[in-house]
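So the structure is just underneath, and the comments pick up after that.
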Amino acid sequence: MGTDYFKELPNNWEIKKFGDVAKITCGVAATPEYVDASIGIPFFSARNVQNGRLDLNYFQYISVELHKKLTKNTKPERGDILLTRVGAGIGEAAVVNIDFEFSVYVSLTLIKCSKKIESEFIKLLLNTNYYRYLATRDQFAGGGVQNLNVQMVKDYPIPVPPLLEQKKIAQILSTWDQAISATEELLENSQKQKKALMQQLLTGKKRLLDENGVKFSDEWQRIELGLLLDYQQPTPYLVESTAYSDSYETPVLTAGKTFILGYTNESSGIYQDQLPVIIFDDFTTDSKYVNFPFKAKSSAMKILTAKKGVSIKFVFEAMQMLQFTVGGHQRHWISIFSNLVIPLPNKKEQQQIAEVLSLADQEIETLQKKLDCLQQEKKALMQQLLTGKKRVKVAA
């Protein structure tokens with residue numbers, strides 16, 4: 001949203017200081033000797049606010065006596081907002097949607113909305129780029145620890161539509177959140193199902209049927225990766241300029257989590273000879289399966305191709321099953337990783353297993369694209385609704 005956030009607001013929308021329409025307080029500190037990992041009253045910290053929601057997968061506990069002392073003046077309740085004050089997710093907000101008692105650590109800001117504002121609407125506002133920018137803007141001044149000051153939050157300018165309009169906007173966007181949550185759950189289930197398939201198929205615990213409908217029964221071998229894959233240095237395929245653009249065609253890859261760093265318009269030095277391949281980070285041992293032309297960013301990457309009679313997709317999936325601890329800042333493929341051993345069936349069974357896992361990948365990819373689309377559509381709708389550029393109908 002940037003600095004244009006408050007331009008051309010509807011006439012019946014007001015701009016208020018956040019501190020004038022909400023009670024905003026900092027969480028409290030509790031020294032380690034008062035915190036327990038298993039019993040007492042839950043003690044929430046910044047890690048309990050993730051992706052605009054409360055994350056209840058982990059929290060610590062404090063004694064009932066300390067909880068009463070800490071919440072004597074301000075007690076967290078359903079409908080309040082928790083705003084993170086520290087860390088990579090600084091400025092992220094979630095609405096309290098639980099009824100059990102808890103205390104709030106100093107890494108969170110507790111916000112109690114007045115009757116003029118709807119907490120779900122405010123949460124949506126706080127999670128926009130504009131307020132995330134405000135949260136991080138001046139935090140490194142003087143070289144101190146990144147920390148969102150409560151007074152800064154109180155000074156936030158907040159657009160306030162009529163209350164019924166706030167509620168309607170929050171209701172509309174909540175339907176998108178429900179669709180996003182449902183898709184995230186389907187995606188997570190598909191990923192778990194693929195992992196379970198890998199555990200069964202790549203170890204030979206579950207055998208598939210051949211083209212005649214007969215279960216494979218040949219003995220598996222145990223073979224070193226270096227005997228299954230050839231390697232190539234990426235030097236001829238390194239990108240020259242990092243002036244990437246989504247309008248360009250050729251992806252620039254890394255074997256790490258980011259995978260596609262951007263797209264280049266360079267027409268020479270594109271790897272496309274022996275696809276598919278595995279790209280392997282020689283330092284971290286991360287790897288990616290690639291079945292499209294690409295350029296590379298780092299010289300610390302090996303391009304791995306399958307030897308004759310080997311399914312590269314099978315080998316890639318088997319590599320993901322290896323338990324390997326990276327040690328030291330060294331290149332791992334030649335010295336260590338190529339010597340690791342995987343169980344290997346005959347070529348036909350390799351191909352059958354690879355096809356089953358590829359189908360699982362397709363389902364995961366389809367759900368991921370759907371999720372990305374829903375998130376982008378919600379973001380675009382938020383831009384319109386939260387600035388009043390698109391109005392909603394409410395009862396008179």
Side-chain angles (χ1 to χ4, degrees), residues 1-4 51 88-89 127-130 132-133 136 176 180 183-184 187-188 190-191 194 229-306 312-313 315-317 319-320 331-333 354 357-384:
M1 290 186 177
T3 55
D4 293 335
N51 302 315
N127 285 326
T128 59
N129 291 340
Y130 177 76
R132 297 300 293 277
Y133 163 74
T136 59
W176 290 86
I180 288 170
T183 306
E184 285 175 337
L187 177 60
E188 184 180 359
S190 291
Q191 290 168 335
K194 187 198 171 185
L229 302 171
D230 292 317
Y231 75 88
Q232 185 177 357
Q233 301 291 359
T235 308
Y237 312 105
L238 293 178
V239 70
E240 296 178 9
S241 170
T242 55
Y244 305 140
S245 170
D246 288 342
S247 64
Y248 299 150
E249 292 185 0
T250 305
V252 181
L253 305 184
T254 171
K257 186 176 181 180
T258 307
F259 189 33
I260 299 179
L261 296 171
Y263 294 84
T264 180
N265 62 349
E266 294 175 13
S267 57
S268 61
I270 298 173
Y271 185 92
Q272 52 193 343
D273 300 332
Q274 196 178 337
L275 294 169
V277 299
I278 299 168
I279 58 174
F280 178 88
D281 189 308
D282 233 355
F283 290 125
T284 67
T285 73
D286 289 336
S287 59
K288 292 287 188 293
Y289 180 80
V290 183
N291 57 2
F292 49 82
F294 66 92
K295 295 204 72 166
K297 177 65 174 69
S298 172
S299 59
M301 185 175 86
K302 292 285 191 293
I303 299 174
L304 308 177
T305 55
I312 193 165
K313 173 66 174 175
V315 176
F316 169 75
E317 298 290 3
M319 287 171 62
Q320 310 314 301
R331 294 180 181 266
H332 287 86
W333 178 255
L357 295 178
S358 293
L359 288 173
D361 286 336
Q362 290 173 22
E363 181 178 344
I364 290 170
E365 184 179 356
T366 299
L367 288 169
Q368 184 63 61
K369 286 181 178 178
K370 181 181 179 181
L371 178 60
D372 293 343
C373 185
L374 286 170
Q375 289 171 334
Q376 288 300 317
E377 288 173 350
K378 181 197 171 188
K379 184 177 180 180
L381 187 58
M382 286 175 66
Q383 293 272 16
Q384 298 291 311

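L238 and K295 make their closest contact through O-NZ, 3.5 Å (heavy atoms, listed as atom of the first residue, atom of the second, distance). Of all the heavy atoms in S190 and L367, the pair that sits closest is OG-CD1, 3.3 Å. Heavy-atom minimum distance, S298 versus P234: O-CG, 3.5 Å. The nearest pair of heavy atoms linking L261 to Y244 is O-CD1, 3.7 Å. Closest heavy-atom contact between S241 and E266: N-OE2, 2.8 Å. Between R331 and S299, the closest heavy-atom pair is NH1-O, 3.6 Å.
Residue K370 qualifies as open at atom NZ: its count of foreign heavy atoms under 6.0 Å is 12 or below. For K288, the NZ atom counts as densely surrounded, since its 6.0 Å shell holds more than 12 non-hydrogen atoms of other residues, nucleotides or ligands. The environment of Y263 atom OH is sparse: at most 12 non-hydrogen atoms of other residues, nucleotides or ligands sit within 6.0 angstrom.
Using a 4.5 Å heavy-atom cutoff, the side chains of K302 and I279 are not in contact. The shortest distance between side-chain heavy atoms of Q383 and K378 does not fall below 4.5 Å. Here the side chains of L229 and V315 are in contact, with some heavy-atom distance below 4.5 Å. Here the side chains of V277 and L304 are not in contact, with every heavy-atom distance at 4.5 Å or above. Here the side chains of L374 and T183 are in contact, with some heavy-atom distance below 4.5 Å. No side-chain heavy atom of L357 sits less than 4.5 Å from a side-chain heavy atom of Q362.
Separating the CG atom in D273 from the CG atom in L275 is a distance of 8.0 Å, to the nearest 0.5 Å.
Every side chain to side chain contact (heavy atoms under 4.5 Å, CB included) that T285 has, sequence neighbours left out, goes to F280, F324, V326, H332, F337.
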_I270 vs F294, test: side chain to side chain contact (heavy atoms under 4.5 Å, CB included). Steps then yes/no._
CA-CA 6 Å; I270 298 173; F294 66 92; 6.0 Å; no

*Given side-chain hydrogen bond (donor to acceptor under 3.5 Å, both in side chains), test Q320 with S287 step by step and report yes or no.*
CA-CA 8 Å; Q320 310 314 301; S287 59; 3.0 Å; yes

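Using a cutoff of 4.0 Å between basic side-chain nitrogens and carboxylate oxygens, K194 and E317 are scored as salt-bridged.
Side-chain contact check for T264 and E240: no donor-acceptor pair (N or O, by modelled atom type) lies under 3.5 Å. No hydrogens or angles considered: nothing links the side chains of D372 and Q376 as a donor-acceptor pair under 3.5 Å. Side-chain contact of Y237 with Q232: a donor-acceptor pair under 3.5 Å is present, judged by distance alone.
With hydrogens and angles ignored, the 3.5 Å screen pairs no side-chain donor or acceptor of Q191 with any backbone N or O of I364.
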Going by atom type alone, with no hydrogens or angles, which donor-acceptor pairs under 3.5 Å involve a side-chain atom of residues 247-259 and a protein atom two or more places apart or on another chain?
from, atom 1, to, atom 2, distance (Å)
S247, OG, S245, OG, 2.8
T254, OG1, G256, N, 3.3

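The cationic atom of K313 (NZ for Lys, CZ for Arg) lies less than 6.0 Å from the six-membered ring centre of Y289 and within 45° of the ring axis.
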